[in-house]
Amino acid sequence: MKNDLSSQIKLDRISRRYYSPDNEIERTALTREEKMDTLIFETASDGAGHLAERIAAYIRRFVSEKGKCVLALGAGTSTHPVYAGLIRMAKAGELDFSKVIVYNISEFFPLHPEGPSTLRRLRDVFLDHVDIAESNVRSINPGITKETMHEYCQAYEQWIADEGGIDVVLCEIGSNGSIAFNEPGSARSSFCRMVLLSNDTRHNIAHDYKCDEIPTTAITLGIADILSSRRILTMAWGESRAEIVRRTVELPPDTSVPASQLQGHPHVHVAVDLAAAEELTRISHPWKVTSCEWNDKLIRRAIVWLCGVTGKPILKLTNKDYSDWGLGELLAIYGSAYNVNIKIFNDLQHTITGWPGGKPDADDTYRPERSKPYPKRVIIFSPHPDDDVISMGGTFKRLVDQHHDVHVAYETSGNIAVGDEDMMRYILLMDGIAGHFGMETPEYLEKSRAIHEFIATKTAGAVDMPDVRFMKTKIRQGEARTACNYIGVKPENVHFLNLPFYETGTIKKGDLTEKDVAIVRKLIEEVKPHQIFVAGDLADPHGTHKVCTDAVLAAIDELKDEPWMTDCRIWMYRGAWAEWEIDHIEMAVPISPEELRFKRNSILKHQSQMENAPFLGDDDRLFWQRAEERNRATARLYQDLGLASYEAIEAFVEYHPIR
């Protein structure tokens, strides 16, 4: 089973030479906008493996040179796969930690026995699995007070100095550019101190540590302490980190992005995967730093960018515009601006279709979907029971109205996203009608009593009892069925897969397993679809979308050589958390004002996910608002480029199984 195929989605869109150049001369040219040594890897696993190897080499070197190696370690989730690599080496006898000294880079304050602790997490994911002496693990004393804080922080720094200083720092770049717990506003000269945690950081703590009470303060080594170390290794994985990576690596040092102040250190290295690197110049705008390997998608990206900087639609771009903005190569290839303009205008025009399943009995030469077979069997895979309508509700309705055999597969129950208040509304209703409908059995009364008691005494972060999770699952399923009925899907075509990885009862989910993939594969084999729609929106902060997408792509990988599967096209949608860049869009489905209103109503059928939904993320807008604004923004972008004006557009990118 291939369990991380979603991380390779970008591989067929980015030339390898941009992120892994063949020689130092080319690398120097490509990275001239980058102010720190930045290594880009195809996947987070590759990057973590590289960092583990580098740390191992440092440990061996410093132990050989001076008899010990002093590490300052962070406990952020991005570091965990690095620690897993170090553990593997230790268990294989390839790495000895007996002469390694570890300083905890930061800790919560005050430190409560039952509250979150970075040291406890560091022990869980790393220290307890290697042969490091307990006396060689140093952390913040939980018994200090605010009155003794200043002296203690100075003493902590002195202990490090007495060890000869830090040899290697390993920590992640936070979502807001923090490094350790140095929040935005931290000065380059900051030392070990108590800090106030930002709302972004506290939100991440709540998610990562599953704690009842979120700390408001912490003690951290300062940026000056980190800069005094001999080696600094930091990292960021995933597209949600792309913008902060750009600001860290390419923009001048800024206190609003603390990690950017690592610039200038002679031995700082930043490791990112392709998703986190996508805003770096060599990936997003390679023509600015090198002679490009031009393909249709890169040309489209360059022209869309040129339209943006000049404020012109495509067909008004001139030879001078191309020359002035560094795109003279395209003039040499195509002969004139006119030729390039026409090509890209037509390419974008051909992405637009009102027939997402293909238009029957029509010339499909320039259409994104083939006309035959008609009607098509279609599966829409939805990670949660509302992602289908949020991300592609208009296209969903078109497919049904155009008489395709549309199946919807809800991969998870989504039960943890139902608030207790919404669930109790149904329990109270059932209590009220139980007598009338003859449901007042001893069994029902006992279950109702237990649920009432559980909710009345439930503490923050507690795992729901099985009957509560059952009720919340049925609420999500009922809402999904209502939305599907509203759209016109046949009841027998609505599938609830309830993938096992999700059913932990907590925000933290299990790992993808063969059992999950087998469930998805079974449905695909039963339907034998001509089209599959799958979530490509991997910015979901809780990671469920990625696991669900990996499950579908793994099943497709296992079936890709089946004769009927070779006639199946896979389309990736977005919408809940992000939108496709226009240079990647391969199918754009226009949505009329009436259809957009219909889509909104479809989303509103999921009543538990409106104002009371507990996982709206950092975006204050409700899901229907996000979807409408993103769809309208895509339509405006098409209009600004000189194409037709639509109310809204839903966008899709085709996925090609990796062979």
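Everything numeric in this text was worked out from a predicted model, so none of it was measured.
With rounding to the nearest 0.5 Å, the separation of CG in Asn319 from CG in Leu330 is 11.5 Å.
Of the N and O atoms on the side chains of Ser178 and Asn176, at least one donor lies less than 3.5 Å from an acceptor on the other residue. Between the side chains of Glu595 and Ser592, at least one donor N or O lies within less than 3.5 Å of an accepting N or O. In the model, Thr281 has no side-chain atom that pairs as donor or acceptor with a side-chain atom of Glu33 under 3.5 Å. Side-chain contact of Thr395 with Tyr573: a donor-acceptor pair under 3.5 Å is absent, judged by distance alone.
Look at Arg574 and Glu239 and you find a salt bridge, because one of the NZ, NE, NH1 or NH2 atoms lies within 4.0 Å of a carboxylate O, short of that distance. Comment: Glu594 does not engage Arg597 in a salt bridge, judged by the lack of any side-chain N to carboxylate O separation of less than 4.0 angstrom. Ion pairing between Arg241 and Asp273 fails under the 4.0 Å rule for side-chain N and carboxylate O. One finds a salt bridge joining Lys546 and Asp550 here, because a Lys/Arg side-chain nitrogen approaches an Asp/Glu carboxylate oxygen to under 4.0 Å.
Atom CG of Asn23 has more than 12 heavy atoms from other residues, nucleotides or ligands within 6.0 Å.
Ring geometry, Trp325 versus Trp305: the interplanar angle exceeds 60°, so the pair is classed perpendicular (tilted spans 30 to 60°).
A centroid separation of less than 6.0 Å is found between the aromatic rings of Phe533 and Phe652.
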